Amino acid sequence: MTLLTNTRRKLTVFATALTLGVSAALVATPAAAQDTFTWKVQSHWPGSSSSYTDSLGRIKRVLEERTDGRLKLQLYEAGALFKAKETFNAVSRGILEMGTISPSYAQDKVSLAGIASGLPFAFRNVWEAAYFHQNMGFEQMLRDEAAEHGVYWATDKVYPTEMVVKKPIESWEDFTSLKIRSSGALQSFLTEAGAAASYIPGSELYSALDSGIVDGAHWGAAQGAFSMGLYEVAKYHVQPALNIAGTDVIIVSQKALNKLPEDMQQIVKDALDEQFWVRTNEYQYKERTTLAKAIAEHGVQVNVLPDEVQDKLVATAQGMWDEEGKRSENAKKALDMLKSYLADLGYL
């Protein structure tokens, strides 16, 4: 009986130990699976820009919340790690996991970038640009081209680009005498139209306006100008918009995306898709309230371009559209789709 009792005791101890070991393993397994990832994110926005907080700050918060802290974003403002025009390559190579750019900064890689950054005087309302991107397939065309370079492309928002100037534009001569900070397709357009347009990084924009290096600039529209302090030195807000487009883009390294568990990959993609609609609508609301605030607090005046100036700008713009269509077969397809759409809207 003693031998049998001892054997039973040993078996009981072994079974208990085995049970505890299995239980411990079951508890430990989920914890071990909860790998955390930290992504470096280089922005093209200075920290003072409204979109640095409203767009980049939002996506950081959303991703960290929805992944229960498994994905964290470490944000860097414009110029902190790379020059703005180097960000696409850094993300493409996987040096950066995420970044924000203007499409114009990727024109040497993505043939649709010029159309994405906004053909001048094409759309007249924000919803038209949003529909073109999301309902007609232009966003997917951009995404497919960027994917060839290991980049996941997600337009942050579509919005109007409007200039601020130090003196009102009251004639064609006033316009052609301007020195304007610009970028991408708009820089080419403004130069073709007769102004002197040049690229200046956002971090240098205020001082360039203040010192007279340039007479005017576009940095988004009212929110961009207000957040960058441009209304302190340029009191005239010019309308109508030079263009309405997806001028800001969030880009993600496909290498970094592939390293995430499948559920987290889907969270990132869903959050970026949602971001487009949230920020597009929010931006329009804030444009109205910000311009009203600039008028009330800074004495800003809205400078509506004379018909003579608008007519000449429209003629120049339409002459330039075809040049973007020559960049590739894909660009021609997108431009034909755009022209057909604008014709349906009664603009062509």
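All heavy atoms count here, side chains included; hydrogens, waters and symmetry mates do not. Keep in mind that what you see is a predicted model, and the values were worked out from it rather than measured. The residues of the chain are indexed from 1 along the displayed sequence.
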Side chains of [X] and [Y] only: does a donor on one sit below 3.5 Å from an acceptor on the other?
X      : Y      : value
Asp248 : His44  : yes
Ser182 : His218 : yes
Tyr206 : Glu232 : yes
Glu308 : Ser171 : no
Ser198 : Gln187 : no

Nearest-0.5 Å distance that lies between atom [atom1] in [X] and atom [atom2] in [Y]:
X      : Y      : atom1 : atom2 : result
Leu342 : Gln318 : CG    : CD    : 9.0 Å
Thr316 : Leu190 : OG1   : CG    : 10.0 Å
Leu335 : Leu112 : CG    : CG    : 10.5 Å
Phe37  : Leu71  : CZ    : CG    : 8.5 Å

Is there a donor-acceptor pair under 3.5 Å between the side chain of [X] and the backbone N or O of [Y]?
X      : Y      : value
Trp39  : Leu75  : no
Glu162 : Gln239 : no
Arg181 : Tyr199 : no
Ser43  : Trp45  : yes
Gln42  : Leu81  : yes
Ser328 : Ala331 : yes
Thr87  : Ala84  : yes
Asn303 : His237 : no
Arg70  : Thr67  : yes
Glu97  : Lys40  : yes

Check whether [X] and [Y] end up in the same hydrophobic cluster, where Ile, Leu, Val, Met, Phe, Trp and Tyr are linked by side-chain heavy atoms less than 4.5 Å apart.
X      : Y      : value
Val314 : Ile180 : yes
Leu345 : Phe121 : no
Met141 : Tyr152 : no
Leu291 : Leu305 : no
Leu96  : Leu272 : no

Salt bridge (charged side-chain N to carboxylate O under 4.0 Å, His left out) between Lys72 and Glu64, worked out = CA-CA 6 Å; Lys72 298 183 182 298; Glu64 291 182 1; 5.2 Å; no

Check the pair Phe88 / Tyr105 against ring pair (Phe, Tyr, Trp, His ring centres under 6.0 Å), numbers first and verdict last.
-> CA-CA 8 Å; Phe88 185 91; Tyr105 302 165; over 10 Å; no

Please give me the minimum heavy-atom distance between [X] and [Y], naming the atom from each residue.
X      : Y      : result
Asn243 : Ser117 : ND2-O, 3.0 Å
Ala197 : Thr191 : CB-OG1, 3.5 Å
Gly246 : Pro103 : O-CG, 3.3 Å
Ala222 : Thr290 : O-CG2, 3.7 Å
Gly114 : Glu324 : CA-OE1, 3.4 Å
Lys179 : Gly212 : NZ-O, 3.2 Å

Could you point out which residue of Lys339, Lys333, Lys332 forms a side chain to side chain donor-acceptor pair (under 3.5 Å) with Asp336?
-> Lys332

Does any part of the side chain of [Y], heavy atoms only, come nearer than 4.5 Å to the side chain of [X], both counted from C-beta?
X      : Y      : result
Val302 : Tyr236 : no
Val165 : Asp215 : no
Arg66  : Asp270 : no
Trp219 : Ser49  : yes

Would you call Asp322 and Arg327 a salt bridge, using N to O less than 4.0 angstrom?
->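 Judged by the 4.0 Å cut-off on N to carboxylate O distance, Asp322 and Arg327 do not form a salt bridge.
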
Looking at Glu86 and Lys83, does any basic side-chain N land under 4.0 Å from a carboxylate oxygen?
-> no

Tell me the ring-ring contact (aromatic ring centres under 6.0 Å, His included) pairs involving residues 265-319, sequence neighbours left out?
-> Tyr159-Tyr283, Phe226-His298

Ring pair (Phe, Tyr, Trp, His ring centres under 6.0 Å) partners of Trp172, counting only residues at least two apart = Phe175

Decide salt bridge (charged side-chain N to carboxylate O under 4.0 Å, His left out) for Asp263 and Lys269; before the verdict, give the C-alpha distance in whole Å, the side-chain angles of both, and the deciding distance to 0.1 Å.
-> CA-CA 10 Å; Asp263 69 312; Lys269 293 177 179 180; over 6 Å; no

Checking salt bridge (charged side-chain N to carboxylate O under 4.0 Å, His left out) for the pair Arg124/Glu128: CA distance, chi angles, key distance, verdict?
-> CA-CA 7 Å; Arg124 301 185 187 181; Glu128 297 165 359; over 6 Å; no

Decide side chain to side chain donor-acceptor pair (under 3.5 Å) for Ser55 and Asp156; before the verdict, give the C-alpha distance in whole Å, the side-chain angles of both, and the deciding distance to 0.1 Å.
-> CA-CA 7 Å; Ser55 284; Asp156 180 62; 2.6 Å; yes

With under 30° as parallel and over 60° as perpendicular, where do the rings of Phe138 and His133 fit, or are they tilted in between?
->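 If you compare the ring of Phe138 with that of His133, the planes turn out perpendicular.
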
Can Arg279 and Glu274 be said to form a salt bridge (charged side-chain N to carboxylate O under 4.0 Å, His left out), step by step?
-> CA-CA 9 Å; Arg279 288 293 293 133; Glu274 176 188 276; over 6 Å; no

